[in-house]
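So the structure is just underneath, and the comments pick up after that.
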There are 2 protein chains.
Amino acid sequence: MPHYRAPVDDTLFLLNDVLGFHARDNLAGFTDASPDVVEAVLREGAKLAEEVLAPVNRAGDLEGCRREPDGSVRTPTGFKAAYDAYAKGGWMGLAVPVEFGGQGLPHTVNTAMQEFASGANLALGMYPGLTQGAMAALLVHGTDEQKALYLPKMVEGAWTGTMNLTEPHCGTDLGLLKTKAAPNGDGSYSLTGTKIFISAGEHDLAENIVHLVIARIEGAPAGTKGISLFVVPKFLVNPDGSLGARNGVSCGSLEHKMGIHGNSTCVMNYDGATGWLVGQENRGLNAMFVMMNEARLAVGVQGLGQSEVAYQNAVAYAKDRLQGRALTGTKAPDKAADPILVHPDVRRTLMQIRAFNEAARGLMLWTALQADILHRSEDAKERQTADDHLGLLTPVVKGVLTDRGFANAVEAQQLFGGHGYIEEWGMSQFVRDARIAMIYEGANGIQAMDLIGRKLPKDGGRAMMTFLGEVQTFVKDHGEDPAMAPFTQPLQAGLNDLQGAVMWLMQNAFAKPDNAGAGATDFMHLFGLVALGYMWARIAKAAQARNAEEASPRWEAKLTTGRFFMERMLPETGLRLVRIKAGAESTMALADEAF
Amino acid sequence: MPHYRAPVDDTLFLLNDVLGFHARDNLAGFTDASPDVVEAVLREGAKLAEEVLAPVNRAGDLEGCRREPDGSVRTPTGFKAAYDAYAKGGWMGLAVPVEFGGQGLPHTVNTAMQEFASGANLALGMYPGLTQGAMAALLVHGTDEQKALYLPKMVEGAWTGTMNLTEPHCGTDLGLLKTKAAPNGDGSYSLTGTKIFISAGEHDLAENIVHLVIARIEGAPAGTKGISLFVVPKFLVNPDGSLGARNGVSCGSLEHKMGIHGNSTCVMNYDGATGWLVGQENRGLNAMFVMMNEARLAVGVQGLGQSEVAYQNAVAYAKDRLQGRALTGTKAPDKAADPILVHPDVRRTLMQIRAFNEAARGLMLWTALQADILHRSEDAKERQTADDHLGLLTPVVKGVLTDRGFANAVEAQQLFGGHGYIEEWGMSQFVRDARIAMIYEGANGIQAMDLIGRKLPKDGGRAMMTFLGEVQTFVKDHGEDPAMAPFTQPLQAGLNDLQGAVMWLMQNAFAKPDNAGAGATDFMHLFGLVALGYMWARIAKAAQARNAEEASPRWEAKLTTGRFFMERMLPETGLRLVRIKAGAESTMALADEAF
């Protein structure tokens, strides 16, 4: 039976020692988030993840969701009770303003909790995850009336939310959107069309579902400039907040998926469903991007969550499974064989995953902190820098954490040998569940294109220059410290590769955009490696400081894991740079018929 | 609905133009395998794969195998008819000597057919695949009586075969084996024990099942030196070949697997089952290795098969799916959007897979040809070189073709966006099916250890020296040819990395075996990259020759795909070398408790 332990101590170390979270008392909500409070919240969240969400994960996979003939959807046994515990614990509104019933805590803390929920039970964690995304859009673009009507119920968990974007013929290219919205004359609209891949589109966890739907108002311009965002509740809501008539939206069928069986992925039919505009007419993509950026970071977090739970279970197996003897001589003479943890290739696998996880957690929390700064700082300059960081790093967090998260789940499964392929052991589920994170909220190729085509050149490359400058400053500041040399020297080499890639793109991609396209995925991973390397350098600095205070194997382990990253993982930047510089020629040369 | 087209033309080009297959007329069976015959056989095999095996692939996944209360196992609908067509077509005995009813054709041709069967329907192809492995062991180690009793029926497909190695507590470490064999006094033995993960262990495709089982004879030495191989038929066989009583072997349960649902993976219970020794007492591992080496190559072929079918379906989708516009301007103005094949990141993905597939097919056929030389040549020196090649390349073909085959299936699935995650599209099945190939017949970490710890140092590194010499000679022979420079120059760089790795290991792994263990997987992939690069260089040479005879986009496409490999894929050797040279220190430094 697979298990999950939320990485609370590591999260606290990153917040307190590495990222200077508590130096941010100038931000609204941060004064309430004292070290004690944050620790108490995270320990409580860990308990929920470990004792309530994780135990129903496998049942969710086995049983899946079931659509009844009346169009209602039943979630797997145990999901409702687990969801209720989550909602009652106040987790849904952890970072929602107090005026709507939330706790107003930093989004950074909420992000840590998202990792715990995703690691414990990805399919279940998506129901609140989507609700938080929908709340974010309403908070930014909803009218006061809409906020008052929907948010408190969503914070309670009595109602959940969804995002309705995709249609059968359009995923990435939303300009092709066909769902229509006709004005009813009373300020509401009548929506008609079909949406697919709608996560949590219909279920039995909550009494109402608040769909956020993009559609085209009759007569709107073609393409993406004619898209508007609507709120379409499953049950219409009376002005006093009580539920009215059933709206004309229903689940037509459930998709049969490779994983996340516990989440209901619906085809949603809108048959003259009543909806209300959120934000401005024809500015729906704008409003939707609030949800999407939030969701993209959350999906990156899912990649990390699956990588972490897969790692933990692989460690347990590697300590337990006896097979062969260590190359350096018997380690467990009292046993028939040594635990496979003694074998270098097993250890290499585990080191590779943990070296990723710890730095990825740092990158995730660092980026979440920028979201808090953006939304809560009173300093315009600070907000701009945070906004730059978020724009630049969001596709990296999404793309790299999910690509590597999946690959790590596969590597962890591999340690189980044949048992890894057997469903009862749970590793297959981690792999199958992790797979979706590379796809939804913009497939990772789209993230790479967003990074290289939009985020990198934006404002004359300001965000990237700031990032490069920050890393360079760190290397300079600590370059003279011999204890930091195993970290700063490789980091400098990685940074040089990243700078080399940026330079090459400036010289070669403006005139030939295919040169950017052909190198996009490699650039995203190159950037991700340097960002993770920078995290490791900062972690190492903080671990050395703690170790100087009070020596402990815990800090030594961090330094060793960081060195492993620097020696074996960061050098991949060189390969990525070679590929980018190869340009688009051989990639694009074949005629279509040759494929 | 996914489709499959067997790569016949590519296979013929590799055999005829690249590998000089028909220059081997000195070998027994090769005179019968004229170019016309080989082409006719492969076209017939392709038809079977495309029209009979592929169409039941998805049903096999959906339905899976079912164990009835009486212990019998039902295969999915359509499997029996497809299996019968395979058997009736004479495919089982394609390379089996004529005296046992086979066709005596080269194993190389059989290997090409294995790729077609694996690509069309991996789960179904395993039933004959295991039969061929069992036949190989009987051919080499069986008595004349055993051969006469079992082989003709197996060639007919009336009986199938299995390999019974794994037990619950021992997979890799067969020294821990517990299954017991007690002499009955009449030359037979009574076997008792439990075997797990037995592919095709019980099913309804054939009237008898010939289990090859390793067990420990009472009083045999502990460890691997006390293991013997037995043949244990499901039904005892009368001297006239008719079926007698049911033997004491039965399927206790079926495993619930991530994929290959159409193959019955059984827990097999031996309760005093009657078996006969195959080969010498206590030399079972020896006899088993005949099966295992055959099976390892066949599993590598499975990796390629899944990579190819995933590629073909991704190409079809990329040509069909309209989304966005080309970066260089609209390509399909009459359509709402361009097919996604125009996007560089999509093309990069497809190029990466095809650049692997074509070279991997070359490597597979080249290696299969060595098996023919080993078994059919009358020249002892030639046999030794072939044996060296087989020993050295078998773990590479198994490990690299399955690691990359799986990764390619994942990349191909990614091009489908959300549709890739939906079972109906079939890409999930390719991924789930391909996953097993990295695990069974020795997990890929074991292949890497076999390569670096056993095959590389064997006979003073003779096999590796021969390989390095052959590639170096090729580079020298064609180094002056400017048309070959895009291939020979990168190949030389890759070769230097491989030589650097061998050198480093010689200097650093004897005294510290962990240095070999920590670098094993990287070394296997480094070696694989150079072997694939060498294949590309030879393919390029042959394509240039054909293009000079008669220019065609087909040969141009090969040259472009080869350049893509050289520019973007082969340079990974540098990263692999860096990792190997990092040594074992940071990999092994953590205390067990730190994990």
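Computed from heavy atoms alone, side chains included, the values below leave out hydrogens, waters and symmetry copies. First the proteins, then the strands, lettered A, B, ... as listed; each starts at 1.
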Who wins among [options] for the most heavy-atom pairs under 4.5 Å with chain A?
options	result
B/H343, B/R432, B/Q352, B/K512	B/R432
B/V410, B/T265, B/T349, B/I260	B/V410
B/V346, B/I422, B/V431, B/V315	B/I422

What part of [X] lies closer than 4.5 angstrom to a heavy atom of chain A: side chain, backbone, both or neither?
X	value
B/P553	neither
B/L575	side chain
B/F416	neither

Review item, side-chain donor-acceptor pairs of residues 335-342 of chain B, under 3.5 Å, at least two apart:
| from | atom 1 | to | atom 2 | distance (Å) |
| --- | --- | --- | --- | --- |
| B/D338 | OD1 | B/R325 | NH1 | 2.8 |
| B/D338 | OD1 | B/K331 | N | 3.1 |
| B/D338 | OD1 | B/A332 | N | 2.6 |
| B/D338 | OD2 | B/A326 | N | 2.9 |
| B/D338 | OD2 | B/K331 | N | 3.0 |

Of the backbone (N, CA, C, O) and the side chain (C-beta and beyond), which part of [X] lies under 4.5 Å from a heavy atom of chain B, both, or neither?
X	answer
A/K581	neither
A/P513	both
A/P168	backbone
A/R321	side chain
A/R347	both

(request) Classify the angle between the aromatic ring planes of B/Y317 and B/H419 as parallel (below 30°), tilted (30 to 60°) or perpendicular (above 60°). (result)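 It falls in the tilted class, 30° to 60°.
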
(request) Output yes when A/R579 and B/E567 qualify as a salt bridge under the 4.0 Å nitrogen-oxygen rule, no when they do not. (result)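 No salt bridge links A/R579 with B/E567.
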
(request) Heavy atoms only, distances under 4.5 angstrom: which of A/I196, A/I439, A/I446 has the most pairs with chain B? Name it, please. (result)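 If we count pairs closer than 4.5 Å to chain B, A/I439 comes out on top.
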
